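In what follows, every heavy atom counts, from backbone to side chain, and hydrogens, waters and symmetry copies are set aside. This one's a predicted model, so the numbers in the text were calculated from it and none came from an experiment.
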Amino acid sequence: MEFGPRLNRIGQGIRRAIDEELRALGLTDATWRPLFHLGRLGDGLRQKDLAEALMIEGPSLVPLLDNLEQNGLVERTESTSDRRCKLIHMTPAGEKVYRQTVEIAGKIATKMMRHVSDEELAICHDVFDRLEEALDNLKAGDRKSSPRAAE
């Protein structure tokens with residue numbers, strides 16, 4: 001199996017495992033994922049940045065945020081520096097869901113990583129760092145290979 005599809009399958013599998021655990025708490029993918037990214041990236045995140053983290057278009061995020069706001073998990077405010085920009089803040093209820101998500105994700109990661117050594121994990125992180133750098137170069141329009149890739 002090719003690297004990309006295999007990596008994608010593993011990522012989707014982890015997401016499904018987290019989703020199944022959280023479903024027992026009454027949470028859906030549309031609830032926990034935005035809160036997970038908001039908690040990880042920081043309170044007061046721009047709506048545009050959250051959409052990018054979720055890998056969805058901005059207009060697709062709006063109904064998710066509407067739902068989260070109606071359920072008292074987030075609130076949106078206007079940026080003081082740019083009134084066109086909406087900032088997203090977690091409420092105390094949203095923070096509780098975020099903590100549950102982190103706890104469950106941590107338990108799943110611990111189970112998955114029990115047969116992976118610290119050295120193997122460090123190598124994996126190094127490869128991920130280089131792949132993310134290559135993606136950033138592609139986004140920037142620089143199609144040259146990364147200097148680190150030649151090492």
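- Nearest heavy-atom pair, Gly72 versus Ala93, reported as atom, atom and distance to 0.1 Å: O-CB, 3.7 Å.
- At a threshold of 4.5 Å between non-hydrogen side-chain atoms, the residues Val62 and Gln47 count as touching.
- Heavy atoms only, all atoms of each residue included: Phe36 and Tyr98 are closest at O-CE1, 3.4 Å.
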**Study point:** Stepwise side-chain contact (heavy atoms from CB on, under 4.5 Å) check, Met90 with Leu73
**Key:** CA-CA 6 Å; Met90 264 194 280; Leu73 300 172; over 6 Å; no

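- Rounded to the nearest 0.5 angstrom, Arg114 CZ and Thr110 OG1 are separated by 9.5 Å.
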**Study point:** Check against side-chain hydrogen bond (donor to acceptor under 3.5 Å, both in side chains), Glu120 and Ser117
**Key:** CA-CA 5 Å; Glu120 291 168 320; Ser117 72; 3.3 Å; yes

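- A side-chain donor-acceptor contact under 3.5 Å links Asn71 to the backbone of Asn67.
- Taking both residues in full, the closest heavy atoms of Ile88 and Arg76 are given as CG1-CG, 4.3 Å, listed atom of the first, atom of the second, then distance.
- Hydrophobic clustering of Ile, Leu, Val, Met, Phe, Trp and Tyr side chains at less than 4.5 Å, counting indirect connections, keeps Leu87 apart from Leu35.
- Inter-residue side-chain proximity for Arg33 and Leu64 is flagged as unmet; no heavy-atom pair is nearer than 4.5 Å.
- Salt bridge annotation for Glu103-Arg99: absent, with no cationic side-chain nitrogen under 4.0 angstrom from a carboxylate oxygen.
- Residues Ile108 and Val116 do not share a hydrophobic cluster, defined by chaining ILVMFWY side chains whose heavy atoms lie under 4.5 Å apart.
- Hydrophobic clustering of Ile, Leu, Val, Met, Phe, Trp and Tyr side chains at less than 4.5 Å, counting indirect connections, unites Ile104 with Ile14.
- Summarising the geometry of Leu65 relative to Val74, their closest heavy-atom pair is O-CG2, 4.1 Å, with the distance given to 0.1 Å.
- Residues Trp32 and Arg15 form a side-chain contact, since some pair of their non-hydrogen atoms from C-beta on lies under 4.5 Å apart.
- Cluster membership for Leu45 and Ile56, using ILVMFWY side-chain heavy atoms within less than 4.5 angstrom, is shared.
- Atom CD of residue Gln100 and atom CD of residue Glu21 lie 12.0 Å apart, to the nearest 0.5 angstrom.
- Of all heavy-atom pairs between Leu68 and Pro34, the closest is CD1-CB, 3.7 Å.
- If you take CG on Leu7 and CD on Glu2, they are separated by 12.5 Å, rounding to the nearest 0.5 Å.
- Rounding to the nearest 0.5 Å gives a distance of 11.5 Å between OG1 of Thr31 and CG of Leu25.
- Rounded to the nearest 0.5 angstrom, Thr77 OG1 and His89 NE2 are separated by 3.0 Å.
- Contact annotation: the side chain of Glu78 approaches that of Lys86 to within less than 4.5 Å [non-hydrogen atoms, C-beta and beyond].
- By the 6.0 Å contact criterion, CD on Gln12 is enclosed, its count of non-hydrogen atoms from other residues, nucleotides or ligands being greater than 12.
- Contact record, Ala51 with Leu61: N-CD2, 3.7 Å, taken as the closest heavy-atom pair.
- A continuous path of hydrophobic side-chain contacts links Leu27 to Val102 [ILVMFWY only; heavy atoms under 4.5 Å].
- Between the CG atom of Asp19 and the OG1 atom of Thr101 there is a distance of 10.0 Å, given to the nearest 0.5 Å.
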